[in-house]
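For reference, the structure discussed in these notes is given below.
These numbers come from the heavy atoms of this one structure, side chains and all, not from hydrogens, waters or symmetry mates. Index from 1, following the sequence. Worth saying up front: this structure is predicted, and the values here are computed from it rather than measured.
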Amino acid sequence: MPKRKPSKKSPFPAGLVTLAVVALVAFAGGEAWLLLNSDSGRLKLARYFGLGDPARITLVLGRQVHRGLAAYGVPPDSIHDLGPAARDSSAPDAPGGPEGAGAPGALARPLVRWRVGLEAGQSLFQANYAVSHFVEAAGGVVLSGRESQGRAGETSVTLRLGLPDRATHEITLVRRARAADAAERPPARLALVLYGFGDDPAHAAAVFDVAAPFAVALAPGAPWSGGLFRAARREIVLHLPLEPINYPQVTPGPGTVLVTMKPGEITGLTRRYIDQAGPVAAVANHMGSLATQDMTVMSAVYRELKRRHLTFIHLQPAAGAVCRSLAAQLGVMYEEPDAVLDVETRGPDAKALDRRWDAVLAEARARGSLIVWLRASPLARDWLVRATDPRRLGGVDLVPLSSLLKRPTEL
């Protein structure tokens with residue numbers, strides 16, 4: 001009788017396979033529960049699969065609008081319900097005609113219309129930003145926006161928001177006119193840039209979520225750089241690492257531009273970093289006390305900046321820096337921050353930061369506009385929410401950095 005060959009044993013015991021299957025089923029069940037029971041999950045199902053109760057989706061997005069307005073300091077009694085409005089089948093957010101024509105199975109529902117009153121000193125830009133931020137954070141979208149002027153001098157911005165295939169709300173932000181005053185000056189403008197995210201990259205997401213308009217300065221070349229560039233969703237300043245004195249004992253991090261590099265290598269590295277960052281508002285030096293004194297290095301950097309019409313923002317210039325004079329010679333746009341808040345962000349409390357901020361706001365009112373850099377320390381993150389409250393700003397408007405940078409025609 002021939003001998004039976006011994007059967008090969010599976011390298012994975014049956015019990016282990018069963019356990020893995022149970023774990024996968026449990027994980028899938030948990031994810032499904034989140035999709036069905038959380039606001040963001042419901043919006044994802046509606047946005048990508050057309051599933052869910054339209055009334056529930058409208059309610060979820062309405063809550064986000066209220067949260068955004070509350071974050072900006074708008075009291076609930078300033079929000080007035082104008083009643084439902086029929087949809088405009090020609091509107092760009094209704095690609096199949098009225099809702100239901102382009103989304104099979106969906107019931108046509110009227111738009112929710114709210115009118116939101118703002119004080120004369122409040123900023124339409126900041127209110128718009130706060131609403132958009134909270135709606136988009138939950139998975140909704142702002143489909144359109146338009147600005148108009150009323151007969152009584154009031155200014156309004158009308159936002160239409162909802163999901164990509166249909167609008168749910170029409171929000172009209174109305175700022176009442178100021179009292180007539182021929183000598184009245186326009187509001188001071190302040191652009192805020194947060195930097196120093198390399199100190200604690202894991203902390204960056206909490207800073208990005210603050211509902212206030214500001215730009216972020218992010219350094220390239222580090223393992224965390226790509227993730228932060230994608231997660232920022234704000235104006236970005238490329239924080240270009242340049243060689244400081246006493247390098248490498250003092251270093252801005254990986255990928256530093258060194259004075260020993262050839263000009264072509266420096267230009268190519270600068271180009272690669274800008275491409276990694278995506279659209280950037282400007283380029284600033286990250287350290288660089290030695291490199292910014294080197295004519296060859298800065299000429300190579302400026303070659304790429306001029307090609308892309310980008311401004312160079314020089315932080316804390318060294319005594320022998322050539323950046324300003326070289327920029328004038330080569331026709332490169334050049335700026336220096338009006339204030340840098342650094343030491344104040346490292347203290348045990350926010351007292352020093354509050355004092356400096358009061359001085360910065362006073363200077364902004366006197367000069368009309370300022371560019372201010374702020375180190376994004378844990379203390380600064382919590383402080384920022386209070387500091388950017390419209391009542392604390394006292395008539396100073398926070399504006400995008402790009403609105404205060406020089407344009408090529410101004411050189």
Side-chain angles (χ1 to χ4, degrees), residues 71 126 129 133 188-220 222 224-225 227-229 231-242 244 250-253 281-289 313-318 335-365 367 369-394 396-401 404:
Q126 293 181 45
Y129 180 88
H133 175 79
R189 299 184 298 162
L190 189 151
L192 192 59
V193 182
L194 270 63
Y195 73 104
F197 292 96
D199 298 341
D200 185 6
H203 167 72
V207 179
F208 294 162
D209 285 340
V210 175
F214 56 82
V216 293
L218 301 174
W224 43 262
S225 298
L228 292 191
F229 284 132
R233 293 173 298 169
R234 295 175 178 274
E235 279 192 320
I236 292 175
V237 176
L238 180 70
H239 218 175
L240 185 65
L242 299 174
V250 177
T251 175
V283 174
N285 60 298
H286 181 24
M287 296 192 184
S289 53
I313 301 178
H314 197 174
L315 291 175
Q316 300 170 325
E335 290 278 4
E336 292 179 17
D338 298 293
V340 178
L341 280 60
D342 183 359
V343 176
E344 299 87 351
T345 68
R346 305 170 187 263
D349 54 48
K351 292 180 180 178
L353 198 51
D354 280 328
R355 289 194 296 271
R356 184 72 189 283
W357 187 241
D358 288 338
V360 164
L361 293 177
E363 186 176 359
R365 296 184 194 100
R367 294 175 51 181
S369 65
L370 286 185
I371 296 176
V372 179
W373 283 55
L374 170 73
R375 180 173 290 278
S377 68
L379 173 66
R381 189 269 175 196
D382 296 330
W383 169 87
L384 188 61
V385 176
R386 295 185 291 103
T388 55
D389 184 286
R391 291 165 292 190
R392 178 69 187 279
L393 291 173
V396 175
D397 281 352
L398 292 182
V399 299
L401 172 66
L404 296 187

I want to check something: taking the side chain as every heavy atom from C-beta on, are [X] and [Y] in contact at a cut-off of under 4.5 Å?
{"X": "Phe229", "Y": "Ile236", "value": "yes"}
{"X": "Ser225", "Y": "Pro201", "value": "no"}
{"X": "His286", "Y": "Leu315", "value": "no"}
{"X": "Val237", "Y": "Val283", "value": "no"}
{"X": "Val396", "Y": "Arg365", "value": "yes"}
{"X": "Leu374", "Y": "Trp383", "value": "yes"}
{"X": "Val360", "Y": "Leu190", "value": "yes"}
{"X": "Arg386", "Y": "Asp354", "value": "yes"}

Are the side chain of [X] and the backbone N or O of [Y] linked by a donor-acceptor pair below 3.5 Å?
{"X": "Asp338", "Y": "Val372", "result": "no"}
{"X": "Trp373", "Y": "Tyr195", "result": "no"}
{"X": "Arg381", "Y": "Ala376", "result": "no"}
{"X": "His203", "Y": "Phe197", "result": "no"}
{"X": "His314", "Y": "Ala284", "result": "no"}
{"X": "Thr345", "Y": "Ala380", "result": "no"}

For the student: nearest non-hydrogen atoms of [X] and [Y], plus distance:
{"X": "His133", "Y": "Ala211", "answer": "CD2-CB, 4.0 Å"}
{"X": "Leu393", "Y": "Leu398", "answer": "CD1-CG, 4.0 Å"}
{"X": "Ala339", "Y": "Arg356", "answer": "CB-NH2, 3.8 Å"}
{"X": "Pro220", "Y": "Pro241", "answer": "CD-CD, 3.7 Å"}

Step through the shown structure and confirm whether more than 12 heavy atoms of other residues, nucleotides or ligands are within 6.0 Å of CD on Gln316.
-> no
Can you establish whether the number of heavy atoms outside Arg392 located under 6.0 Å from its atom CZ is more than 12?
-> yes
Separation of [Y] [atom2] from [X] [atom1] (nearest 0.5 Å):
{"X": "Asp397", "Y": "Arg189", "atom1": "CG", "atom2": "CZ", "answer": "9.0 Å"}
{"X": "Leu353", "Y": "Asp382", "atom1": "CG", "atom2": "CG", "answer": "11.0 Å"}
{"X": "Leu401", "Y": "Glu335", "atom1": "CG", "atom2": "CD", "answer": "8.5 Å"}
{"X": "Asp389", "Y": "Arg391", "atom1": "CG", "atom2": "CZ", "answer": "4.5 Å"}
{"X": "Leu192", "Y": "Leu384", "atom1": "CG", "atom2": "CG", "answer": "6.5 Å"}

Is the cationic atom of Arg234 (NZ for Lys, CZ for Arg) positioned less than 6.0 Å from the six-membered ring centroid of Phe214 and within 45 degrees of its normal?
-> yes
Applying side-chain hydrogen bond (donor to acceptor under 3.5 Å, both in side chains) to Arg346 and not counting sequence neighbours gives Asp342
Partners meeting side-chain contact (heavy atoms from CB on, under 4.5 Å) with Val250 (sequence neighbours left out) | Pro244, Asn246, Met287
Trace of the side-chain contact (heavy atoms from CB on, under 4.5 Å) decision for Leu404 with Val399 | CA-CA 8 Å; Leu404 296 187; Val399 299; 4.0 Å; yes
Apply side-chain contact (heavy atoms from CB on, under 4.5 Å) to the pair Glu363 and Asp358, showing each step before the final yes or no.
-> CA-CA 9 Å; Glu363 186 176 359; Asp358 288 338; over 6 Å; no
